[in-house]
**Q** 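Here it is: the structure, laid out below.
Quick note: numbers below take in every heavy atom, side chains included, and nothing from hydrogens, waters or symmetry partners. Lettering follows sequence order; numbering is per chain, from 1.
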Amino acid sequence: MTENPAVDAADDLPEQMRIRREKRDRILAEGREPYPVAFPRTASLAQVRARYADLPTDTATGDRVAVAGRVIFMRNTGKLCFATLRDGDGTELQAMLSLDRVGAPALDSWKHLVDLGDHVGVTGEVITSRRGELSVLADEWVMTAKALRPLPVAHKPLSEEARVRQRYVDLIVRPQARDNVRTRATVVRSLRDSLHARGFVEVETPMLQLLHGGAAARPFVTHSNALDTQLYLRIAPELFLKRCVVGGIDRVFEINRNFRNEGMDSSHSPEFAMLETYQAYGDYDTVATLTRELVQAAAAALTGSTTVVHHDGSEVDLGGQWREVTLFGVLSEAVGDQVTVRTPMVRLVELADKHALPVDPKWGPGKLAEELFEHLVVPELRAPTFVRDYPEETSPLTRAHRTEPGLAEKWDLYVQGFELGTGYSELVDPVVQRQRLVAQARQAARGDDEAMPLDEDFLRAMEYGMPPSGGMGMGIDRLLMALTGLGIRETILFPLVRPE
RNA sequence: GGGCCGUUAGCUCAAUAGGCAGAGCUGAGGACUUUUAAUCCUUAGGUUCUGGGUUCGAGUCCCAGGCGGCCCA
């Protein structure tokens, strides 16, 4: 072999990357390490900031520390150099290197080897500068990790595509991106805390499934070599969580990923995190209360109150009781005429035409009423609103309404014009359940690829007896959007993107 | 799936009517011992997303495709 591909590739690098590689080589040539195994810090940047919070301008403490961080700002003058270091927690602290302290060789190598983005360790005295900036005045410095790629300019926003494709760069340069990661963690922890406090048990159910069910959605398909069989990535955990309730885990929840092989846009991601929970001897009212309390506690975990501040500065109050309406009630208001679950199809089609809503001939009256509701009412639902009592036709796994024939005990929760969660009084009669699922399977056989195949094992479980229960599902990404006003691609750290 | 817009230096963007591809920041060399998006001097850096076409000449016009965004379904 006469060619070395690595060397050829290096020759083709943009100038700035080539120069950074040369600096790395120079560090090695000088007998030092561009990537040392350790740097013995004596304090984090935050600890130094905390300990010397009130140090007056132009003060020398005599205290020596060893600190480390990424260089995010540099200013080199002839005999005095400044650099701002940043820690993983976002704390920044200035390092100063002066000729009389570090000597000419160390100052010179600092100026010629350190770039924006490098990780460095600095040992020296804690002081404040003449401008009052808390600083470490170095006695010595070392490279702790040489960055081979230049950072984007700090003062121009990175393009949205670059943010998503190279989230690690986004995290380095944009404080908001770092905050978003912690915000999500805070919310998810709050959900778990709230559920644990109420006696719910967290479980993990299969993501690889022989049959997909629990929702109407197109699944991702994969293959098991060991079983030589087709598998589906789950579209919902529902059928397994209900098996848990059958087995006696009376209060159960799961926070995990679902996968739906459908469109991607500003509010839909093919993989999305979801909280789903079931409560024996609950119903759609008890899980509505639970949902409100979970969301309000999550808001409080972020802000200390039920008022959240959105990305754009607007405030949204999620406190108090939430508005409750019925689906046909708000739909009647919107069309200016009484509409019920018994309103005939021809009348609904008239209304659809009047409001320029295209009608799919496969839809029944229940589905059409729901579409009218989504078209006419949903965009107006800004404040948190439970929309209750959906047509039985579109809710095959939901218990029939206890007093209103043709309706099911289901609610959808809407916030700021999008669906945040859904709750049910669960259907637990295995005979009715089988009828509904068989009807669904027939639809699947007719080519409706959103319909569910028949899950005999699930029906067998139900035949052992599931107590009356309430169930609820809430999108975690959607919850983050409601609490922060961010787009879905900001709430998900690494959203799916087309290959470069 | 359809329509529109975008794609140019490491990053963010310009480029008149088709006529030498530019700026700021970043980088390199130099000056400066208190900088905070410093200042000053010098300077490097390009497959203009890809592939075809028109033209004496294409970042610019035409065709096809990739990727992204917005709107619609």
Side-chain angles (χ1 to χ4, degrees), chain A residues 9-26 55-60 71-86 92-104 106-118 124-125 127-138 146-166 168-175 177 218 262-268 352 355-360 363 371 374-375 379 487-490 495-500:
Chain A
D11 286 345
D12 280 347
L13 288 174
E15 184 196 31
Q16 295 194 39
M17 288 181 59
R18 184 174 48 75
I19 287 167
R20 284 176 182 243
R21 276 172 166 71
E22 287 167 5
K23 290 177 178 178
R24 171 187 176 277
D25 293 342
R26 232 185 298 164
L55 209 57
T57 293
D58 206 8
T59 305
V71 177
I72 57 159
F73 178 84
M74 290 184 77
R75 187 100 310 142
N76 293 343
T77 68
K79 301 184 179 66
L80 182 62
C81 298
F82 302 87
T84 303
L85 308 186
R86 190 172 62 214
E92 296 176 5
L93 188 69
Q94 178 165 275
M96 296 169 62
L97 293 91
S98 71
L99 178 65
D100 51 14
R101 282 269 185 151
V102 299
L107 192 70
D108 197 55
S109 71
W110 171 270
K111 284 199 256 188
H112 289 98
L113 297 178
V114 177
D115 289 301
L116 282 175
D118 292 352
E125 181 183 359
I127 64 159
T128 48
S129 72
R130 277 180 215 163
R131 296 295 182 87
E133 186 80 35
L134 185 64
S135 308
V136 175
L137 180 58
K146 179 71 194 167
L148 295 184
R149 288 177 183 270
L151 290 179
V153 293
H155 305 286
K156 293 280 185 177
L158 209 53
S159 70
E160 198 182 316
E161 187 182 359
R163 289 184 189 181
V164 168
R165 284 193 188 273
Q166 294 182 257
Y168 37 89
V169 176
D170 188 31
L171 290 168
I172 292 169
V173 299
R174 197 166 59 99
R218 294 158 72 177
E262 296 175 345
M264 301 162 58
D265 61 36
S266 55
S267 62
H268 294 83
H355 292 98
L357 176 70
V359 179
D360 187 324
W363 294 348
E371 292 285 337
E374 283 179 23
H375 186 68
I488 198 165
R489 276 149 70 98
E490 299 292 305
L496 183 66
V497 286
R498 279 181 206 279
E500 281 179 81

**Q** Between B/C25 and B/A9, how many Å separate the two C1' atoms, rounded to a whole number?
**A**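 The answer is 12 Å between these two C1' atoms.
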
**Q** Indicate whether OP1 or OP2 belonging to B/G68 is found under 4.0 Å from a side-chain N or O atom of A/R165.
**A**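 For A/R165, the contact criterion (side-chain N or O under 4.0 Å from OP1 or OP2 of B/G68) is met.
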
**Q** Would you measure the distance from the C1' atom in B/U55 across to the matching atom in B/U39 and give it in whole Å?
**A**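 Rounded to whole Å, the distance is 49 Å.
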
**Q** Please tell me which of the listed nucleotides, B/U34, B/C25, B/U36, lies nearest to the side chain of A/E133?
**A**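 When the side chain of A/E133 is considered, B/U36 is the closest of B/U34, B/C25, B/U36.
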
**Q** Using OP1 and OP2 only, check whether a side-chain N or O of A/R498 sits under 4.0 Å from B/G68.
**A**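 Checking B/G68 against A/R498, a side-chain N or O does come within under 4.0 Å of OP1 or OP2.
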
**Q** Which nucleotide wins on minimum distance to the side chain of A/L99, given the candidates B/U33, B/C67, B/U34?
**A**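 For the A/L99 side chain, the nearest candidate turns out to be B/U33.
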
**Q** Find which nucleotide of RNA chain B each of A/T77 and A/T84 is nearest to by heavy atoms, and output the residue with the more 5' nucleotide.
**A**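 The residue mapped nearer the 5' terminus is A/T77.
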
**Q** Using the P atom as the reference point in each nucleotide, state the distance between B/G24 and B/A44 in Å, no decimals.
**A**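 To the nearest whole Å, 14 Å.
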
**Q** Nearest-Å distance, CE (A/M74) to C1' (B/U26)?
**A**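 For the pair A/M74 CE and B/U26 C1', the rounded distance is 12 Å.
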
**Q** For A/M17, report the nucleic acid contact type (base, sugar-phosphate, nothing); a contact means any heavy atom under 4.0 Å.
**A**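 Nothing: the residue A/M17, judged by heavy atoms under 4.0 Å, touches no strand.
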
**Q** Are the side chains of A/D115 and A/Q16 in contact, using a 4.5 Å heavy-atom criterion?
**A**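 Sidechains of A/D115 and A/Q16: no contact.
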
**Q** Are A/R163 and A/E490 packed together at the side-chain level, in the sense that at least one heavy-atom pair is separated by less than 4.5 angstrom?
**A**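 A/R163 vs A/E490: side chains touch.
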
**Q** Any strand is fair game: report the nucleotide pairing with B/C61 by Watson-Crick or G-U wobble, both distances under 3.5 Å, or none.
**A**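 Base-paired to B/G53.
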
**Q** Under 4.0 Å from OP1 or OP2 of B/G30: is there any side-chain N or O of A/H112 that close?
**A**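 The answer is yes; a side-chain N or O of A/H112 sits under 4.0 Å from OP1 or OP2.
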
**Q** Give none if B/U43 has no partner; otherwise give the nucleotide forming a Watson-Crick or G-U wobble pair with it, both distances under 3.5 Å.
**A**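 With both distances under 3.5 Å, B/U43 matches B/G27.
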
**Q** Using a 4.0 Å heavy-atom cut-off across all strands, classify A/Q94 as base, sugar-phosphate, or nothing.
**A**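 The answer is base, as A/Q94 lies within the cut-off (heavy atoms under 4.0 Å) of a base atom.
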
**Q** Looking across every strand, which nucleic acid part, if any, lies under 4.0 Å from A/E15 by heavy atom: base, sugar-phosphate, or nothing?
**A**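 The answer is base, as A/E15 lies within the cut-off (heavy atoms under 4.0 Å) of a base atom.
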
**Q** Above 12 or not: heavy atoms from other molecules or residues under 6.0 Å from CZ of A/R149?
**A**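 Atom CZ in A/R149 is not crowded, with 12 or fewer foreign heavy atoms closer than 6.0 Å.
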
**Q** Once you apply a heavy-atom cut-off of 4.0 Å, does A/L158 come out as touching a base, just sugar-phosphate, or nothing?
**A**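 Here A/L158 touches the backbone only, sparing every base.
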
**Q** In the strands shown, is B/C13 matched to any nucleotide by a Watson-Crick or G-U wobble pair with both distances under 3.5 Å, and which?
**A**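 The answer is B/G22, by the H-bond criterion.
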
**Q** Strictly by Watson-Crick or wobble contacts shorter than 3.5 Å, is anything paired with B/C70, and which nucleotide is it?
**A**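 Pair assignment: B/C70 / B/G3.
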
**Q** Taking the basic N atoms (NZ, or NE/NH1/NH2) and the acidic carboxylate oxygens, is any pair closer than 4.0 Å for A/E22 and A/R18?
**A**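 Looking at A/R18 together with A/E22, the answer is yes, because their closest N to O distance falls below 4.0 Å.
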
**Q** Please pick, from B/C11, B/U33, B/G10, the nucleotide with the shortest atom-to-atom distance to any side-chain atom of A/P152.
**A**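 Closest nucleotide to the A/P152 side chain: B/C11.
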
**Q** Could you check how far CD of A/E161 sits from C1' of B/G66, rounded to whole Å?
**A**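 Value for this atom pair: 11 Å.
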
**Q** Taking only N and O in the side chain of A/S159, is any of them less than 4.0 Å away from OP1 or OP2 of B/C11?
**A**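 Checking B/C11 against A/S159, no side-chain N or O comes under 4.0 Å of OP1 or OP2.
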
**Q** Can you tell me the distance, in whole Å, between the CG atom of A/N76 and the P atom of B/A31?
**A**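 Going from A/N76 (CG) to B/A31 (P), I get 12 Å.
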
**Q** For A/V497 and A/R101, find the nucleotide of RNA chain B closest to each by heavy atoms; which residue's nucleotide sits nearer the 5' end?
**A**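 Closest to the 5' end, via its nearest nucleotide, is A/R101.
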
**Q** Checking contacts here: which listed nucleotide (B/A28, B/U34, B/G68) is nearest the side-chain heavy atoms of A/I19?
**A**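 Given the options B/A28, B/U34, B/G68, the side chain of A/I19 is closest to B/A28.
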
**Q** Could you state the CD-P distance from A/E22 to B/G27, rounded to the nearest angstrom?
**A**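 Computing the A/E22:CD to B/G27:P distance gives 15 Å.
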
**Q** Please state the C1' separation for the pair B/A15 and B/C32 - nearest whole angstrom.
**A**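 36 Å, rounded to whole Å.
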
**Q** Remember a base hit wins even if backbone is also touched, and classify A/K111 as base, sugar-phosphate or nothing at under 4.0 Å, heavy atoms.
**A**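 No contact.
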
**Q** Among B/A28, B/U33, B/U36, which nucleotide has an atom closest to any side-chain atom of A/F73?
**A**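 Of the candidates, B/U36 comes closest.
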
**Q** Can you check the A/E374 CD to B/A73 P distance for me, whole Å?
**A**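 Interatomic distance, CD of A/E374 to P of B/A73: 14 Å.
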
**Q** Just the rounded figure in Å: distance from P of B/G68 to CZ of A/R163.
**A**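 Atom-to-atom, A/R163 to B/G68, this comes out as 17 Å.
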
**Q** Mind checking A/D115 for me? I need base, sugar-phosphate or nothing, with any heavy atom below 4.0 Å counting as a touch.
**A**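 Counting heavy atoms under 4.0 Å across all strands, the contact made by A/D115 is with sugar-phosphate only.
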
**Q** Whole Å only: how far is the CG atom of A/D108 from the P atom of B/G29?
**A**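 Roughly 10 Å, once rounded to whole Å.
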
**Q** When rounded to the nearest Å, what value does the distance between P atoms of B/U12 and B/G68 take?
**A**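 Pairwise P distance, B/U12 against B/G68, rounds to 16 Å.
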
**Q** Any side-chain heavy-atom pair from A/R26 and A/K23 closer than 4.5 angstrom?
**A**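 Yes, close enough: below the 4.5 Å cut-off.
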
**Q** Roughly how many Å is it from CZ in A/R130 to P in B/U33, rounded to a whole number?
**A**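 In whole Å, B/U33 P lies 11 Å from A/R130 CZ.
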
**Q** Within the 4.5 Å heavy-atom criterion, are A/S98 and A/K79 side-chain neighbours or not?
**A**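 A side-chain contact is absent here, since even the closest heavy-atom pair is not under 4.5 Å.
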
**Q** Does a side-chain heavy-atom distance below 4.5 Å link A/R86 with A/I172?
**A**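 A side-chain contact exists here, since the closest heavy-atom pair is under 4.5 Å.
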
